[in-house]
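Chain letters run A, B, ... following the sequence lines, proteins first, then strands; residues in each count from 1. Note that the coordinates shown come from a computational prediction; the quantities given were computed from them, not determined experimentally.
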There are 4 protein chains.
Amino acid sequence: MAPPVRTQRADAARNRASLLAAAEKVFAEKGHAASVADIAVAAGVAKGTVFRHFATKEDLIASIVCDHLAVLSGAARKFADSSDPGEALLEFLTVAADQRRQHDLTFAQTASDHDPRVVNARTELHESLDVLVGRAREAGVIRADITEADVFLLMCAPVHAVENVADPSPTLWRRYLAIIFDGLRPQGAHPLPHPAPVLP
Amino acid sequence: MAPPVRTQRADAARNRASLLAAAEKVFAEKGHAASVADIAVAAGVAKGTVFRHFATKEDLIASIVCDHLAVLSGAARKFADSSDPGEALLEFLTVAADQRRQHDLTFAQTASDHDPRVVNARTELHESLDVLVGRAREAGVIRADITEADVFLLMCAPVHAVENVADPSPTLWRRYLAIIFDGLRPQGAHPLPHPAPVLP
Amino acid sequence: MAPPVRTQRADAARNRASLLAAAEKVFAEKGHAASVADIAVAAGVAKGTVFRHFATKEDLIASIVCDHLAVLSGAARKFADSSDPGEALLEFLTVAADQRRQHDLTFAQTASDHDPRVVNARTELHESLDVLVGRAREAGVIRADITEADVFLLMCAPVHAVENVADPSPTLWRRYLAIIFDGLRPQGAHPLPHPAPVLP
Amino acid sequence: MAPPVRTQRADAARNRASLLAAAEKVFAEKGHAASVADIAVAAGVAKGTVFRHFATKEDLIASIVCDHLAVLSGAARKFADSSDPGEALLEFLTVAADQRRQHDLTFAQTASDHDPRVVNARTELHESLDVLVGRAREAGVIRADITEADVFLLMCAPVHAVENVADPSPTLWRRYLAIIFDGLRPQGAHPLPHPAPVLP
DNA sequence: TATGAATGAGCGTTCATTCAT
DNA sequence: TATGAATGAACGCTCATTCAT
């Protein structure tokens, strides 16, 4: 009963998803050195098929970045409903760091900065974060001068810090998340030498 | 008294220095995408000249990384003599972040991890940092459970955080250094969920 | 019945064959100085296409050498069935010299010495030659102390000799083949000052 | 008493000679892959000094080839006085093959074909050989239809033959010289299918 | 639609040669 | 004169992208 177009679209969507998953893995493993051929092999398709789904390599990267941002938006929205705003923020940061730890796409960040889909996804994340951080701030579990932008910018710092360790324990980043989160707390806070940035 | 042969060497040394400076700049701007040709153009020399001074591109990168590490070692040793261990540590972190802000070579870190000169330079930095951090810890200005490795790993976090801002204020990183440094302080510290790593 | 996928393969195979032919010609003309670009131009394809068919320049050279060796093996086996072992050996040497005259790949011999495919092809030639030379020896048309290795090593000598002539008659090499073949005959043979080598 | 110009010339001549010796060795070892830098290092001088003595790399190669040809001319002239023309020819071929064995410059042959100094040196060798071979022919120790050109062209064949052996006994070439020399002898000679070439 | 062969710009690197010292 | 730093053309090779099948 299903029209053939549907079937094709379903196939294509499945292909696209498996390509994204393969690319995410390959990029995380090889970083910038990952080639389209590598990704095609990992996805079990021909090189040309990658370009059927993603116009350019940059487009593929941007799609992955979008997915990551969407996952984070979802997490931020979900945790924003929590009755414990401090715990919610910490849990969000834990999810964010863990995502980054599993698939480090730092190299892709700047590259896809100008892609409109990425801009949208980031905007959405900013909005979700604004709620989450606002509640934590109002509850007094983080300083009054900490903004959504601060959380966004510090989000990946724990994993970045660990990146310089040769063979890190898979939970070492939690140490640095704890340190940074302590820095966000109001207890013993020193005044900050620079106002928070306004992100687009 | 005047060394007669030095003239040539002086020229070559000047060239080498300008090559290093140009490469530092180009790498900071373009990251891994910087080509040897780019660097040669920036330094105003022919491509072949780059290879006269640095056997491979990797060698050039390692040389820059070594220089950076040496500057940091020097700063750490200098500040270790200070009478105010807390201020000394903060000043060191300020120097480190500012260096990184001017020339971000994050991409090079991993690449030159196995170069013996880089290993040596890093070892030296670890030793210098050990003294600096030890004094701050003993003076009680940072938590008792913070080690030299923690400082080393968090050293670049403020600049990393800022990297996601499109056109950042040149001193925005100080905001994040302040937050992280507050996280290192003993006031209001929560226990850390993971022991500090042991760096080689 | 018609294999549908063969069309692409046929194209690629044709390209590969024309690449091999072009490379054979260019290498014969320019020796080691032949560049991959030269070969690509001669074959009417882009440089990258050469590397699609042959992983490296060395691989391409080895492929040509293999082909040459296989042709010689085939000739040796074919002539080994002859009822006139002396004539058969002479005909083989004629084929071998003529092949070499058309495409001198002396320079490639040593270069591809370690390629396993070349090693195999050479081993096969040695085995074929062993039969051919053995029969000639048993028939008494060549000396009793001449081995397959001798024939293998002297095989290209006639063409080599002619290489020092500026614009040689295309059959001049036959003169030197005749002289050398006379040297292999039992009539008027002097004892040899060194035993035959054992080739792998 | 000696004018300083003489001293300089003597120095220069010594330098030139040591450069030639070093180059001969390096070329024999590395063939075409030998670089001017390799030669300079082997001679213990700077790269620029090589070009003070030899305008181009080709010029250097031509000079070595000239030297080799001159040595052979000398040998040919010396042996031409012998009372045993057959032995004299064999001895000349032995010297020629041994020279080639020690320093294989096959790769250089064609390259320096058009250098006028090489042309001269070769002409001189042809003249010397003409006498040597003429006497052997007249004495009946080689066929009546063998010319100086034949000997010239077959001169290096024994060493060439051995070149395909991986780790040859240093006297293996004598085996092939003996075979080829037997081919030159009148006993059991078959008529040759092509007239001797006329070399310039 | 999916394939993978072809493309060609660009890469890191080498090296004969030039030239200021 | 001898040096070795600088040059730049050329090399082998890679890879994102295009396109015929």
Side-chain angles (χ1 to χ4, degrees), chain A residues 8-9 11-12 15 33-40 45-60, chain B residues 4-16 19 32-40 43-60, chain C residues 4-16 19 32-40 43-60, chain D residues 8-9 11-12 15 33-40 45-60:
Chain A
Q8 283 171 24
R9 286 208 181 141
D11 269 20
N15 255 331
S35 72
V36 173
D38 290 334
I39 292 160
V45 300
K47 217 166 33 165
T49 304
V50 180
F51 288 98
R52 172 161 308 281
H53 290 282
F54 305 96
T56 64
K57 194 187 185 184
E58 293 239 313
D59 182 28
L60 169 56
Chain B
V5 194
R6 284 297 157 93
T7 327
Q8 289 175 10
R9 296 256 165 99
D11 267 26
R14 198 158 42 239
N15 244 327
R16 194 190 134 100
L19 221 26
H32 236 157
S35 72
V36 173
D38 289 335
I39 292 160
V45 301
K47 217 164 40 161
T49 303
V50 179
F51 290 99
R52 157 156 289 278
H53 291 282
F54 305 95
T56 64
K57 192 189 186 182
E58 294 239 311
D59 182 28
L60 170 56
Chain C
V5 193
R6 282 298 156 94
T7 328
Q8 290 175 10
R9 295 254 164 102
D11 268 25
R14 199 160 37 242
N15 243 328
R16 194 190 134 101
L19 222 26
H32 236 158
S35 73
V36 174
D38 289 335
I39 291 160
V45 300
K47 219 166 35 165
T49 304
V50 180
F51 290 101
R52 156 158 291 277
H53 291 282
F54 305 96
T56 64
K57 192 188 184 184
E58 294 239 312
D59 182 28
L60 169 57
Chain D
Q8 284 171 25
R9 287 205 180 144
D11 268 22
N15 254 333
S35 73
V36 173
D38 289 334
I39 293 160
V45 300
K47 218 167 30 164
T49 304
V50 179
F51 287 98
R52 172 162 307 280
H53 290 282
F54 305 95
T56 64
K57 193 186 186 185
E58 293 239 312
D59 182 27
L60 169 57

| request: Could you check whether K47(A) gets within reach of a base, just the sugar-phosphate, or nothing at all, counting any heavy atom under 4.0 Å? | output: base

| field | Closest contact, heavy atoms only, A40(A) versus V50(A) | value | CB-CG2, 3.9 Å

| message | Check this one for me: any side-chain N or O of S35(B) less than 4.0 Å away from OP1 or OP2 of dC11(E)? | response | yes

| remark: Here the distance between atom P of dC11(E) and atom NE2 of H32(B), to the nearest Å, is 13 Å

| said: Assuming nearest nucleotide by heavy-atom distance, tell me which of A46(C) and E58(D) is located more 5' along DNA chain E. | reply: A46(C)

| task | Between T56(B) and V36(D), just flag the one whose closest nucleotide in DNA chain E comes earlier from the 5' side. | result | T56(B)

| field | Shortest non-hydrogen contact from K57(D) toward A34(D) | value | NZ-O, 2.8 Å

| remark: Separation of dA2(E) atom C1' from R52(A) atom CZ, nearest Å, is 6 Å

| said: Students often get this wrong, so: under 4.0 angstrom with heavy atoms, is N15(A) touching a base, only sugar-phosphate, or nothing? | reply: sugar-phosphate

| said: Just the rounded figure in Å: distance from P of dT18(F) to CZ of F54(A). | reply: 16 Å

| request: Please report the closest heavy-atom contact between D38(A) and A33(A), naming both atoms and the distance. | output: OD2-O, 4.0 Å

| Mapping V45(D) and A33(C) onto DNA chain F by nearest heavy atom, which one lands closer to the 5' end? | V45(D)

| remark: F51(B) atom CZ is separated from dA5(F) atom C1', nearest whole Å, by 16 Å

| remark: Mate of dC11(E) across any strand shown (Watson-Crick or G-U wobble, both atom pairs under 3.5 Å) is dG12(F)

| request: Determine whether the side chains of D59(A) and T56(A) contain a donor N or O and an acceptor N or O closer than 3.5 Å. | output: no

| said: Distance check needed: dC15(E) P versus D38(D) CG, whole Å only. | reply: 8 Å

| field | Any T49(D) side-chain N or O less than 4.0 Å from OP1/OP2 of dT3(F) | value | yes

| note | Taking dG4(F), dT17(E), dA2(F) as options, the one with an atom nearest any side-chain atom of H53(D) is dA2(F)

| message | Do I39(C) and L60(C) make a side-chain contact, defined as non-hydrogen atoms from C-beta onward lying under 4.5 Å apart? | response | yes

| task | Let me know the distance between CD1 of I39(C) and C1' of dC13(F), rounded to the nearest Å. | result | 14 Å

| field | Who pairs with dT17(E) - Watson-Crick or G-U, where each distance is under 3.5 Å | value | dA6(F)

| Between K57(C) (NZ) and dC11(F) (P), how many Å, whole number? | 8 Å

| Rounded to whole angstroms, how far apart are CG on L19(C) and P on dT7(E)? | 10 Å

